[in-house]
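As structure tokens, the structure follows; a few thoughts come after it.
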Number of protein chains: 2
Amino acid sequence: MTTPLSATSSHDSSHVKLLAQAQQACQKKGARLTKTREQVFLLLAKRKGAVGAYDLLAELKELDAAAKPATIYRALDFLSKQGFVHKIESINAFIMCHHFGDCNHPVQLLICDECGHVEEIQSNNFDLALRSMADANGFTISHQIVEAHGHCKACQ
Amino acid sequence: MTTPLSATSSHDSSHVKLLAQAQQACQKKGARLTKTREQVFLLLAKRKGAVGAYDLLAELKELDAAAKPATIYRALDFLSKQGFVHKIESINAFIMCHHFGDCNHPVQLLICDECGHVEEIQSNNFDLALRSMADANGFTISHQIVEAHGHCKACQ
DNA sequence: TTGCTCAGTGTAACATTATACCAATACAAA
DNA sequence: TTTGTATTGGTATAATGTTACACTGAGCAA
Ligand SMILES: [Zn+2]
Ligand SMILES: [Zn+2]
Ligand SMILES: [Zn+2]
Ligand SMILES: [Zn+2]
């Protein structure tokens, strides 16, 4: 922990706004957005797409040379629980959520196998359809994983 | 490869029927259901639920002491491609599909976090909903992952 | 302030899941 | 048979994820 947080900022400030949202959300819930968690948050926010835990760890190490796997997984756990970040199960990667506030919303992802782009889409209908289907089986959903692989608009 | 295949059979014969279906499907497609692939198929068919690759490997080793991780992963790859088996991404496990014939059908799973039971459900509506949502984003789906976690009927 | 408590962290080791590589072999087509 | 391709054997290693335990440091009550 030698490098100041300011060193992680850049000319682009959209991620700073995201961070502010996150800080506010944490304050409301009494969750502690510690330095490491904030660093990982910013690394994810600055990323365009998804990133693996160990790639993220490599980046974090530039800010905190002592970082270890547990460091990054703890931070990712925390950020996931707050709903700031989603894990993509089918590619073992993580991606910043740009719709948080609603901390436990259903997640639907379109993953381009060509360029790696990941789009998070929003559909309550879809969520409802899944739930009603589960209901019909007497099943109660606590968490859903919806990940569609294929080709994005740009890669047709 | 010392133990004869017949040693894998038991009093229950439902999996034998499944195997016959699989053999037929492979013949149609010119796919080779080799001895190892068949052994893995039967191990999965006899299982009630999902199983991890290394657990399956342990079972396979009783039939073929020389089996290695690559052995099981190759077999699982093959069986997945034929649509006989589905990988459950969110728990790194594999489960026999009981609806094959339609080799690349959409898969929707209900996974009980309490008892581990996995139910494969069928919904073309659901598939259509996902595809139309993807269409709206100019995205073409080649493979979809839908895994709902929660509690099954028996574990409410 | 002092001491208590507990979430969070540092650190190392470990566990699990999956693939790369290359040689050997089996199979099918020519 | 020859030739090309799919499959397998065998070793090692990559990639991903978890646990255990001691320690720190912020928040809080006395
Ligand atoms: Zn989201
Ligand atoms: Zn693309
Ligand atoms: Zn199926
Ligand atoms: Zn259950």
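A note on names: the letters A, B, ... follow the listed sequences, proteins ahead of strands, and every chain is numbered from 1.
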* **side-chain contact (heavy atoms from CB on, under 4.5 Å) partners for B:Lys61, two or more places apart** => B:Leu57, B:Ala67

* Let me know the distance between CG of A:Leu57 and P of C:dT11, rounded to the nearest Å. => 13 Å

* For B:Ile72 and D:dG9, what is the distance between atoms CD1 and P respectively, to the nearest whole Å? -> 12 Å

If you look only at distance, which donor and acceptor atoms sit under 3.5 Å apart when one is on a side chain in residues 148-156 of chain A and the other is two or more places apart or in another chain?
residue, atom, partner, partner atom, Å
A:His149, ND1, A:Asp113, OD1, 2.7
A:His149, NE2, A:Ser90, OG, 2.8
A:Gln156, OE1, B:Thr140, OG1, 3.0
A:Gln156, NE2, A:His151, O, 3.1
A:Gln156, NE2, A:Cys152, O, 3.3
A:Gln156, NE2, B:Gly138, O, 3.0
A:Gln156, NE2, B:Thr140, OG1, 3.0

* Asked: Excluding sequence neighbours, so at least two apart, what forms side-chain contact (heavy atoms from CB on, under 4.5 Å) with A:Gln122?
  -> A:His99, A:His105

* Structure fact -> For B:Arg74, the salt bridge (Lys or Arg N to Asp or Glu O under 4.0 Å) test, sequence neighbours excluded, returns none

* B:Lys81 NZ - D:dT7 C1' separation (whole Å) -> 12 Å

* Kindly indicate, with the supporting measurements, whether the criterion side chain to side chain contact (heavy atoms under 4.5 Å, CB included) is fulfilled by A:His117 and A:Lys48. => CA-CA 8 Å; A:His117 177 76; A:Lys48 272 298 167 203; over 6 Å; no

* Check whether any side-chain N or O of B:Thr71 sits under 4.0 Å from OP1 or OP2 of D:dT8, and answer yes or no. => no

* Just how large is the angle between the end axes of the helix from C:dT1-D:dA30 to C:dA30-D:dT1, five pairs per end, to 10 degrees? -> 30°

* Asked: How many Å lie between CZ on A:Arg37 and C1' on C:dG10, as a whole number?
  -> 15 Å

* Partners of B:Glu89 by salt bridge (Lys or Arg N to Asp or Glu O under 4.0 Å), sequence neighbours excluded? -> B:Lys87

* Partners of A:Arg32 by salt bridge (Lys or Arg N to Asp or Glu O under 4.0 Å), sequence neighbours excluded? -> none

* Going by heavy atoms in the side chains, are B:Val85 and B:Asp77 under 4.5 Å from each other? -> no

* To do: Can you sort out the partners of B:Ala53 under side-chain contact (heavy atoms from CB on, under 4.5 Å), two or more places apart, ordered by chain and number?
  => B:Ile72, B:Tyr73, B:Leu76, B:Phe94

Pairwise N/O distances under 3.5 Å, protein to nucleotides 12-19 of chain D:
residue, atom, partner, partner atom, Å
D:dG17, OP1, A:Lys87, NZ, 2.8
D:dG17, OP1, A:Asn92, OD1, 3.1
D:dG17, OP2, A:Tyr73, OH, 2.8
D:dG17, O5', A:Tyr73, OH, 3.4
D:dG17, N7, A:Tyr54, OH, 2.4
D:dG17, O6, A:Tyr54, OH, 3.4

Under 3.5 Å between N/O atoms: give me all the protein pairs with nucleotides 24-30 of chain C, atom names plus distance.
none

* **Within residues 34-68 of chain A or reaching into it, pairs that qualify as ring pair (Phe, Tyr, Trp, His ring centres under 6.0 Å) - sequence neighbours excluded** => A:Phe41-A:Phe84

* Structure fact -> Assert: residue with more 5' nearest nucleotide on DNA chain D, out of B:Thr34 and B:Lys68, is B:Thr34

* What pairs with B:Ala134 under side-chain contact (heavy atoms from CB on, under 4.5 Å), at least two apart in sequence or on another chain? -> A:Leu110, B:Phe139, B:Ile141

* Asked: Expressed in angstrom and rounded to an integer, what is the separation of B:Leu60 atom CG from D:dG10 atom P?
  -> 13 Å

* What's the closest nucleotide to the A:Thr36 side chain, out of D:dG10, C:dT9, C:dT11? -> C:dT9

* Rounded to whole angstroms, how far apart are CG on A:Leu33 and P on C:dG8? -> 11 Å

